[in-house]
Amino acid sequence: MSVSKASTSRAEDDPRLDLSAPLRPGNAVAAVIVVEGQYLLQLRDAKHGIFFPAHWGCFGGGVEPGETAEQALARELEEELGARIGTGDMHYFSRFEFGLDFAGLDPIWRIFCEIAISKEQMAGLTLGEGSDMRLFPAAAILTHQIPLTPYDAFALWMHINRSRLVG
């Protein structure tokens, strides 16, 4: 089977198909932002060298040396949304750990915190990072109507189904 030049250049231009740009995994924080029963998500930029470009996901990002998870999340939300969220408004939700020994790397973690805001508060937000932000109902997340980063998809699924989880 031959591959046309047009399909090859399209694949090279699509950052979702990039298999060569280096990725630098690190510890991260993310906000499960609930706005009157819906979820505020960020459309990640369509650029090479980032995890899951052109996918919807939770706002957040990397933890810098010396920062607590809460400090990192407050900083990220100010950078990405212009939001000043106090640590008292963040409620720990879950932590995922990813073993990267297959790549010769130490494990990393991603901490999720729940933050509830009103539509009035949302109206004051300004997108500072990413391509878009939008509210999604639980049904759009549960039925895969949008491309979601896998780890955020699982955290959102757990958040939506939290009352069903039993021990």
Side-chain angles (χ1 to χ4, degrees), residues 15-16 18 21-100 103 105-119 121-138 140-142 144-162 165:
R16 296 170 302 167
D18 185 353
L23 297 171
R24 291 173 175 73
N27 296 329
V29 290
V32 176
I33 301 175
V34 182
V35 183
E36 299 177 14
Q38 297 189 75
Y39 294 88
L40 180 62
L41 299 177
Q42 172 196 52
L43 181 58
R44 295 176 57 75
D45 289 319
K47 65 182 188 182
H48 295 266
I50 66 170
F51 284 81
F52 302 100
H55 283 67
W56 290 93
C58 295
F59 286 91
V63 178
E64 295 180 359
E67 279 185 320
T68 66
E70 295 81 7
Q71 290 168 334
L73 188 54
R75 176 185 49 74
E76 288 287 344
L77 293 175
E78 188 162 355
E79 291 172 5
E80 295 180 356
L81 289 170
R84 292 182 185 255
I85 306 288
T87 57
D89 295 321
M90 301 174 191
H91 305 284
Y92 174 84
F93 179 68
S94 190
R95 174 187 163 122
F96 295 174
E97 188 163 313
F98 302 92
L100 299 175
L105 300 173
D106 291 333
I108 61 167
W109 47 257
R110 185 170 180 87
I111 292 177
F112 293 86
C113 292
E114 178 186 30
I115 299 170
I117 63 171
S118 68
K119 285 194 177 179
Q121 290 171 300
M122 185 184 146
L125 301 177
T126 303
L127 186 66
E129 190 175 307
S131 301
D132 197 3
M133 68 175 172
R134 195 175 306 164
L135 284 177
F136 291 97
I141 294 164
L142 295 174
H144 306 286
Q145 292 177 23
I146 56 173
L148 282 165
T149 60
Y151 36 79
D152 291 344
F154 186 51
L156 291 165
W157 185 93
M158 287 196 320
H159 191 269
I160 293 164
N161 288 286
R162 64 193 177 280
L165 300 173

Spacing of [X] atom [atom1] and [Y] atom [atom2] [to the nearest 0.5 Å]:
X      : Y      : atom1 : atom2 : answer
Glu114 : His91  : CD    : NE2   : 7.0 Å
Ile108 : Leu100 : CD1   : CG    : 5.0 Å
Ser131 : His55  : OG    : NE2   : 13.0 Å
Arg134 : Trp56  : CZ    : CH2   : 4.0 Å
Leu40  : Ile33  : CG    : CD1   : 5.0 Å
Asp132 : Leu41  : CG    : CG    : 10.5 Å

If you look at every heavy atom in [X] and [Y], which pair is closest and at what distance?
X      : Y      : result
Ala69  : Val29  : O-CG1, 3.5 Å
Cys58  : Ala31  : CB-O, 3.3 Å
Leu148 : Ala153 : CB-CB, 3.8 Å
Pro25  : Leu105 : CG-CD1, 3.9 Å
Gly130 : Asp45  : C-OD1, 3.2 Å

- Query: Around Asn161, counting heavy atoms of other residues, nucleotides and ligands shown, do more than 12 lie under 6.0 Å from its CG?
  - Reply: yes

- Message: Does Arg95 have more than 12 heavy atoms from other residues, nucleotides or ligands lying within 6.0 Å of its CZ?
- Response: yes

- Query: Which residues satisfy the ring pair (Phe, Tyr, Trp, His ring centres under 6.0 Å) test with His159, sequence neighbours excluded?
  - Reply: Tyr39, Phe93

- Derivation of the side-chain contact (heavy atoms from CB on, under 4.5 Å) call for Thr149 and Arg44: CA-CA 9 Å; Thr149 60; Arg44 295 176 57 75; 3.6 Å; yes

Indicate yes or no: at least one non-hydrogen side-chain atom of [X] is less than 4.5 angstrom from one of [Y].
X      : Y      : answer
Leu73  : Ile115 : yes
Arg110 : Asp152 : yes
Met158 : Ser94  : yes
Lys47  : Pro53  : no
Leu125 : Ile117 : yes

Exercise answer: donor-acceptor pairs, residues 75-87 side-chain atoms, under 3.5 Å, sequence neighbours excluded:
residue : atom : partner : partner atom : Å
Arg75   : NE   : Glu67   : OE2          : 2.6
Arg75   : NH1  : Glu79   : OE2          : 3.3
Arg75   : NH2  : Gly62   : O            : 2.8
Arg75   : NH2  : Glu67   : OE1          : 3.0
Glu78   : OE2  : Arg84   : NH2          : 3.4
Glu80   : OE1  : Gly60   : N            : 3.0

- Message: My understanding is that only residues two or more places apart in sequence, or in another chain, count here; which of them pass side chain to side chain contact (heavy atoms under 4.5 Å, CB included) with Ser118?
- Response: Glu36, Glu120, Gln121

- Message: Could you go through Phe136 and Gln145, starting from their C-alpha distance and side-chain angles, then the distance that decides it, and tell me whether this counts as side-chain contact (heavy atoms from CB on, under 4.5 Å)?
- Response: CA-CA 10 Å; Phe136 291 97; Gln145 292 177 23; over 6 Å; no

- Message: Tell me which one of Phe96, Trp157, Phe51, Phe52 satisfies ring-ring contact (aromatic ring centres under 6.0 Å, His included) with Tyr151.
- Response: Phe52

